[in-house]
Amino acid sequence: MIETRNQRPNVWDRVDDQQLAAIHRFNQGYIDFLNQAKTEREAIAYIQKRALDQGFLPLQQQDRVGPGEKLLVNHRGKLAALIIMGQNPADGFNLVVSHVDTPRLDLKPRPLYEADNMALFKTHYYGGIKKYQWPTIPLALHGVVVKKNGERISVCIGEKDDDLVFVITDLLPHLAKEQMDKKMNEGIKGEDLNILVGSTPVRDLKEDAFKQHILDLLLKNYGIEEDDFTSAELQAVPAFKAREVGLDRSMVGSYGQDDRVSAYTALEAVLEVENPQRTVICLFADKEEIGSTGNTGLQSLAVENIAAELLYKAGLPEYYRVRQALSKSYALSADVNAAVDPTFPEVFEKMNCSYLSAGVVLTKYTGSRGKAESNDANPEFVAAVRRLLDEEAVVWQVGELGKVDIGGGGTVAQYLANYGMEVVDCGVAVLSMHSPFEIVSKADVYMAYRAYRVFMQKMT
Ligand code: MN
Ligand code: MN
């Protein structure tokens, strides 16, 4: 038996009363953000507003950029970059890259149907979820519907205290013997994740009266017609709010902390960076949970396009400089790791996994079963990062995602590494990751913010 209490630092042991107050204060802002930004679009809108309020200027509107200037890129409302120009952008960037998409249930393009005196929406889940966790919790519906004429309708139903909510039903235990004997993965199947949206008919209508009533309400209240679902991005997410957890209020419980804990801490950090030596790019990406695909994911040329525009406008138009700058860059892939869970010790190797409240986690490699698809950071770079964190008294720990043959996972680190830059994963340890109510330690949230700030400001 390995004694865990003494082998890792504990942030709460190490902070004075002043730092303790700072931790709790910082997390109030974090909780507020979690409640305002449950989708990638809402997160990017929040980030853009904060940046504009602090004097960041849209890069697109600038002809020339120079040292110390603060710039904003917003790509299709789902990927954003906050940039602070350094002395010579061709020397490379200091990047902190988080993602703002989160596992959820997306409505299908033809979602609405009726059955047994009820109306329901069909869904297709996005990202890795445990399907059984989604029935019988209140759900909110967020997103956009784009009409054929280009008009965009924003939808957010279920977040206000007196709002209606939606729900997916589950079988009563009395009739669930067969269901309960199934594997957990099959007890609730993908096609069972149907959202209950109504139970009243249009009076005297003979056919499809329940479905028609919902269509009438959608048109009357939101201007949405049935065909419009075809060009929509509607996401069902847990309707409950982010809360403090524990009698000591030491933790935050919320939907969507993978990876908005990194997005928020990186945002607060970059808003405090001034006149860095190296050019800072704080990037907020989309689509990480489904493999960084699409034109707002990190397998796209988004990073390269931003770098090319920056260098061109800094008076360095030669294309090879873009490649050179990216190759000389340093990056933190700001993403979460799994915290050791005392209820499930069998999946963790306790010498190398990460713990709640033991500081921000440096994860040298991710991947699964033999480091497959892992970036596996170079020790030269990990050494430079840990030296910086130690110099700045940022509490950190190592992390590995579970036991070697158990499972695994990936982050955006591998896509950043494609450019030749140095990159390591660095983020917060999470309990119940990818569930509707994930848990983090407030102390780790604060240390992530401090790690990202010193990295962007001081890494050379
Ligand atoms: Mn993540
Ligand atoms: Mn994830």
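These values consider heavy atoms only, across backbone and side chains, with no hydrogens, waters or symmetry-generated copies.
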Is it true that Lys70 and Glu274 have a side-chain N and a carboxylate O under 4.0 angstrom from each other?
yes

Examine the side chains of Tyr126 and Asp101 and answer whether a donor and an acceptor come within less than 3.5 Å of each other.
yes

Which residue, Val412, Ile83, Leu79, Val270, forms the side-chain contact (heavy atoms from CB on, under 4.5 Å) with Leu283?
Leu79

Worked verdict on Phe240 versus Tyr255 for ring-ring contact (aromatic ring centres under 6.0 Å, His included):
CA-CA 8 Å; Phe240 30 74; Tyr255 166 71; 8.4 Å; no

Would you say that more than 12 heavy atoms from the other residues, nucleotides or ligands in this model lie under 6.0 Å from the CD of Gln19, or not?
yes

How about Phe26 and Tyr264: are their ring centres within less than 6.0 Å of each other?
yes

Taking every heavy atom of Asp425 against every heavy atom of Ala413, the minimum-distance pair comes out as OD2-CB, 3.7 Å

Is the shortest side-chain N to carboxylate O distance from Arg453 to Glu268 below 4.0 Å?
no

Starting from the C-alpha separation in whole Å, work towards a yes-or-no answer on salt bridge (Lys or Arg N to Asp or Glu O under 4.0 Å) for Lys131 and Glu186.
CA-CA 9 Å; Lys131 284 165 283 197; Glu186 290 161 7; over 6 Å; no

Flag, side chain of Ser262 to backbone of Asp258, donor-acceptor distance under 3.5 Å:
no

Within the structure provided, determine whether Arg278 and Tyr330 are in side-chain contact (heavy-atom separation under 4.5 Å).
yes

Angle between ring planes, Tyr446 versus Tyr449, binned at 30° and 60°: parallel, tilted or perpendicular?
tilted

Test item: Gln62 side-chain N/O and Pro58 main-chain N/O as donor-acceptor pair under 3.5 Å:
yes

Do side-chain atoms of Asn35 reach the backbone of Lys241 as a donor and acceptor pair under 3.5 angstrom?
no

Applying ring pair (Phe, Tyr, Trp, His ring centres under 6.0 Å), can you list everything that pairs with Phe121, at least two apart in sequence or on another chain?
Phe229

Result for side-chain hydrogen bond (donor to acceptor under 3.5 Å, both in side chains) between Tyr46 and one of Lys49, Arg50, Gln48 points to Arg50

Would Leu139 and Val167 satisfy side chain to side chain contact (heavy atoms under 4.5 Å, CB included), going step by step from the backbone distance to the final call?
CA-CA 6 Å; Leu139 297 172; Val167 72; 5.8 Å; no

Say whether Ser441 and Ser357, considering side chains only, have a donor N or O and an acceptor N or O under 3.5 Å apart.
yes

As a quick check of understanding, evaluate side chain to side chain contact (heavy atoms under 4.5 Å, CB included) for Phe348 and Glu400, giving each step before the final call.
CA-CA 9 Å; Phe348 298 99; Glu400 184 182 42; over 6 Å; no

Do Leu72 and Leu57 come within less than 4.5 Å of each other through their side chains, counting heavy atoms only?
no

Please test Glu191 against Lys122 for salt bridge (Lys or Arg N to Asp or Glu O under 4.0 Å), starting from the C-alpha separation and ending with a verdict.
CA-CA 7 Å; Glu191 294 294 349; Lys122 298 291 296 175; 2.9 Å; yes

Pair Arg104 + Glu289: basic N to acidic O under 4.0 Å:
no

Close side-chain approach of Leu431 to Val340, heavy-atom, < 4.5 Å:
no

No-hydrogen, no-angle side-chain donor-acceptor test under 3.5 Å, Thr102 and Arg260
yes

Would you say the side chain of Gln257 lies within less than 4.5 Å of the side chain of Leu34, judging by non-hydrogen atoms?
yes

Do the side chains of Glu40 and Lys287 get close enough for a salt bridge, i.e. N-O under 4.0 angstrom?
no

Side chains of Asn305 and Glu309: is there a donor and an acceptor less than 3.5 Å apart?
no

Assess the residue pair Met85 and Leu310 against the criterion (side chain to side chain contact (heavy atoms under 4.5 Å, CB included)); give the C-alpha distance rounded to whole Å, side-chain angles, the decisive distance to 0.1 Å, and a yes or no.
CA-CA 9 Å; Met85 298 302 289; Leu310 273 185; 3.6 Å; yes

Check whether Gln235 reaches the backbone of Asp106 with its side chain - one donor and one acceptor, N or O, closer than 3.5 Å.
no

For Asp17, look at atom CG and say whether over 12 heavy atoms of other residues, nucleotides or ligands are found less than 6.0 Å away.
no

Salt bridge present between Arg323 and Glu318 (N-O < 4.0 angstrom):
no

For Glu422, give me all partners under side-chain hydrogen bond (donor to acceptor under 3.5 Å, both in side chains), at least two apart in sequence or on another chain.
Asn378

Taking Lys371 for the side chain and Thr366 for the main chain, is one N or O donor matched with an acceptor at less than 3.5 Å?
no

Which word best sums up how the rings of Phe455 and Phe381 line up, parallel for under 30°, tilted for 30 to 60°, or perpendicular for over 60°?
perpendicular

Got a donor-acceptor contact below 3.5 angstrom from the His75 side chain to the Asn295 backbone?
yes

Count the heavy atoms of every other residue, nucleotide or ligand shown that sit under 6.0 Å from CZ of Phe437, and state whether that count exceeds 12.
yes

Note: Glu233-Arg41 ion pair, threshold 4.0 Å (strictly below)
yes

Side-chain contact, heavy-atom cut-off 4.5 Å: Lys328 with Phe93?
no

Salt bridge check: are Asp405 and Arg369 linked by an N-O gap of less than 4.0 Å?
no

Side chains of Ser250 and Lys442, heavy atoms from C-beta outward: is any pair under 4.5 Å?
no

Any donor and acceptor pair, going by atom type alone, linking the side chain of Arg450 with main-chain N or O of Glu392 inside 3.5 Å?
yes

Is it true that atom NE2 of His124 has more than 12 heavy atoms of other residues, nucleotides or ligands lying nearer than 6.0 Å?
no

Under 3.5 Å, is there a donor-acceptor pair between the Tyr415 and Glu288 side chains?
no

Can any side-chain N or O of Thr363 pair as donor or acceptor with the backbone N or O of Tyr365 at less than 3.5 Å?
no

Regarding Ser333 and Asp335, is there a side-chain donor-to-acceptor distance under 3.5 Å anywhere?
no

Student check: side-chain heavy atoms of Val440 and Met251 closer than 4.5 Å
no

If only atom types and distance count, is the side chain of Gln36 paired as donor or acceptor with the main-chain N or O of Phe33 below 3.5 Å?
no

Is there a donor-acceptor contact under 3.5 Å linking the side chains of Asp170 and Gln179?
yes

Please test Val145 against Val155 for side chain to side chain contact (heavy atoms under 4.5 Å, CB included), starting from the C-alpha separation and ending with a verdict.
CA-CA 8 Å; Val145 177; Val155 175; 4.3 Å; yes

More than 12 heavy atoms from other groups under 6.0 Å of CD on Gln18
no

Crowding at CD, Gln60 (>12 non-hydrogen neighbours, <6.0 Å):
no

Do any N or O atoms from the side chain of Tyr452 and from the backbone of Cys426 form a donor-acceptor pair under 3.5 angstrom?
yes

Carboxylate-amine/guanidinium contact Asp390 Arg386, below 4.0 Å
no

Quick one, Leu82 and Ile47 - any side-chain contact, counting heavy atoms below 4.5 Å?
yes

Using distance alone, with no hydrogens and no angle criterion, decide if Gln133 and His434 have a side-chain donor and acceptor under 3.5 Å apart.
no

Residues Glu349 and Lys403 bridged, charged N to O under 4.0 Å
no

